[in-house]
Amino acid sequence: MIYTYEAAKREALEATRRAAGAEVSLSLAIPPAGVAADLAIPCFPLAAALRAAPQEIATRLAGAVKLGPLLESAHASGGYLNVTFARSAFAAGVMGDLRRLGDRYGSNDAGGGRTVVIDFSAPNVARQMSVGHLRSTIIGAALYELHKFADYRPIGDNHLGDWGTQFGTLLYAYHTWLDRAGYERDPVGELLRLYVKFDAEARRDPSLRDQARQWHLRLERGDPDARRLWQEFVRHSLAAFQQIYDLLEVRFDYTLGESFYEDKMGEVIDTALRAGVAVEDQGALIVRLDDVGIKTPLILRRSDGATLYHTRDLATAIYRIRTFHPAKILYVVGSDQRLHFQQLFATLRKLGFGDVDYVHVDFGLIQLPEGRMSTRRGRVVFLEDVLDEAITRARRLVEEKNPELSEPEKDEVAGIVGIGAIKYADLSQNRVKNIVFDWERMLALDGDSAPYLQYTYVRARGILRKAGDHIPEDPFDPGATATIPEWALITSLGKFPEVVQEAVQAYHPHLVANYLFRLAQVFHGFYHDVPVLQADTEALRRSRLQLVAGAAAVMRIGLGLLGVRVPERM
RNA sequence: GCGCCCGUAGCUCAACGGAUAGAGCACCAGCCUUCGAAGCUGGGGGUUGGGGGUUCGAUUCCCUCCGGGCGCGCCA
């Protein structure tokens with residue numbers, strides 16, 4: 001299906017192309033704020049082909065174009081051909097799209113039902129989640145929703161770090177320094193203490209690392225005691241993670257940790273050997289990647305026979321391909337693992353799994369003002385504390401702004417606003433940049449923040465409730481396109497679908513966030529300047545109600561794609 | 001040393017290769033007898049890190065230097 005805004009763009013391009021009378025490639029631009037037009041076509045690139053000055057071309061085209069039903073006029077302005085929409089037809093089109101699609105407004109069929117596996121969150125067992133895990137979890141969840149909205153079949157898989165040498169250190173530390181009472185009280189807290197303790201002790205006595213390695217090998221070989229304890233660690237951790245996922249309202253289709261692939265790595269190694277992709281080197285088994293421009297080889301098996309996360313990621317990818325038959329696999333993992341994924345993807349292609357589109361959706365690290373976060377050195381901010389603080393602050397603000405709400409409602413709003421603020425703070429900026437963690441910034445409840453957007457929804461809903469929650473379906477009154485705020489709102493609503501499309505294509509949720517912020521600004525301006533319930537005529541009132549309903553719907557849908565909920569009151 | 005990413009207003013961030021580079025925060029001055037002021041309006045603030053290049057046009061693409069981050073064979 002084609003949305004109205006897209007249709008109008010195509011009309012403009014087609015009309016211009018025909019008027020130009022030659023094979024020319026055209027681009028579209030949005031005119032700056034001061035210019036009274038809805039689209040602009042720069043004529044500078046045509047100068048060479050048409051052998052005329054851009055200004056002349058624009059003038060000639062303005063006179064020659066035959067406009068379609070969604071366009072009102074075309075006029076030259078400098079080297080630009082400026083096009084204005086037929087407001088009445090355009091508004092009717094957008095309102096029609098909104099009414100017809102309802103909660104699906106903005107969706108598209110780019111995915112064609114294909115499967116996309118999204119690997120996200122993936123915290124390490126036996127450690128609390130820190131704010132560092134926030135990005136993967138939230139960006140991954142947003143990409144999940146965005147892909148679903150673009151007619152993909154997303155499969156969310158939480159690839160838990162529940163295997164590897166770290167468990168050797170943990171098992172050693174457990175047997176050496178365990179505080180039994182502390183473990184009973186707070187298992188994950190005690191495991192973290194042991195983890196930190198081991199690191200400190202091993203600095204003094206490196207031989208501890210050998211002992212840890214022994215424990216790791218015992219675990220990999222199926223030693224019953226090691227297995228039993230390991231399972232216990234995983235169970236405690238999962239319970240702790242689940243509390244956070246519940247708060248964040250994030251769900252997964254699968255939680256297949258690294259350990260799930262324990263028995264699938266042998267086959268991978270055999271395959272790689274038979275295919276001649278893997279070779280022995282210094283006792284280890286490696287895959288050379290120089291031929292594809294990667295100097296560092298991927299290590300499939302250590303010289304002591306143990307597997308590595310490379311091996312598990314390889315087995316994981318192959319399992320996913322065989323089980324789910326995905327068109328794409330997304331890895332929502334920090335940019336510090338770039339090389340790892342380049343190696344992984346290159347190796348998969350060498351092994352004949354080149355039909356899948358592998359994407360490392362990377363993002364910058366969250367750092368502390370004093371430097372990189374380090375769980376081992378206790379320099380870490382726990383996610384749970386951040387979420388609790390966000391809800392507490394939101395709760396205080398609700399109390400101040402809206403004391404007449406019932407206590408349960410205040411609690412609910414505090415959750416929606418507080419958690420929303422955290423998610424939005426992350427999703428509203430380009431994921432490639434590093435973030436220096438700052439309580440005030442992450443927990444901001446004013447300015448460009450989730451509550452600002454949620455408040456537009458609340459205001460819109462307020463009007464709709466007073467109107468009896470009935471959205472008129474009348475033909476849209478052309479009078480309701482006349483003022484600047486009205487027209488700005490209509491065009492803004494019309495742009496939403498293409499923003500969704502771009503966000504999916506580029507794996508950039510922040511495009512949706514930026515759009516919604518702009519929509520909120522436009523709506524607040526509309527709300528301030530344009531009376532709805534007290535409009536001069538009944539026709540105006542009914543059409544403006546449609547606009548308000550559209551704004552509420554797009555805000556709810558758009559925030560929903562980011563995993564942010566909206567309250568009815570706040 | 002080599003490779004990748006980032007550098008935009010005092011701070012935090014936007015900006016399909018297009019017109020006068022925009023927001024939020026902070027600061028200053030206004031707006032509640034009209035749908036919720038978690039809102040709106042106005043104001044000051046910029047050699048887009050420096051220097052070259054490509055282009056009709058560069059914050060955007062290329063080169064180089066500076067600054068920061070990350071990575072570079074048996075951790076994940």
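Quick caveat, the model's predicted, so the values are computed rather than measured. Below, chain A is the first sequence line, B the second, and so on; all start at residue 1.
Using a 4.0 Å cut-off, no side-chain N or O of Q166(A) falls inside it from OP1 or OP2 of rA76(B). A close approach under 4.0 Å does not occur between any side-chain nitrogen or oxygen of K295(A) and OP1 or OP2 of rC2(B). Using a 4.0 Å cut-off, no side-chain N or O of R209(A) falls inside it from OP1 or OP2 of rC75(B).
Using a 5.5 Å limit on the distance between ring centres and a 30° limit on the angle between planes, the aromatic ring of Y80(A) counts as stacked on the six-membered base ring of rA19(B).
Checked against rC56(B), rG36(B), rA19(B), the side chain of R459(A) finds its nearest nucleotide in rG36(B). Closest approach to the P42(A) side chain among rC70(B), rG18(B), rC2(B) is made by rG18(B) (side chain taken as heavy atoms from C-beta onward).
Under the Watson-Crick or G-U wobble criterion, with both distances below 3.5 Å, rG42(B) is paired with rC28(B). When both pairing distances are held under 3.5 Å, rG22(B) makes a Watson-Crick or G-U pair with rC13(B). The nucleotide rG3(B) finds its pairing partner in rC70(B), both defining distances of the Watson-Crick or G-U wobble pair being shorter than 3.5 Å.
Judged by atom type and distance alone, D281(A) reaches the base of rG73(B) through a side-chain donor-acceptor pair under 3.5 Å.
Atom CG of D290(A) and atom C1' of rC72(B) are 13 Å apart (whole Å). Note: CG (L464(A)) to C1' (rG36(B)) measures 14 Å, nearest angstrom.
Taking the six-membered ring for Trp, Y172(A) and H216(A) have ring centres at least 6.0 Å apart.
When the C1' atom is used for both rG71(B) and rU64(B), the distance is 23 Å, rounded to whole Å.
Between R60(A) and E56(A), no side-chain nitrogen of the basic residue sits less than 4.0 Å from a carboxylate oxygen of the acidic one, so the salt-bridge criterion is not met.
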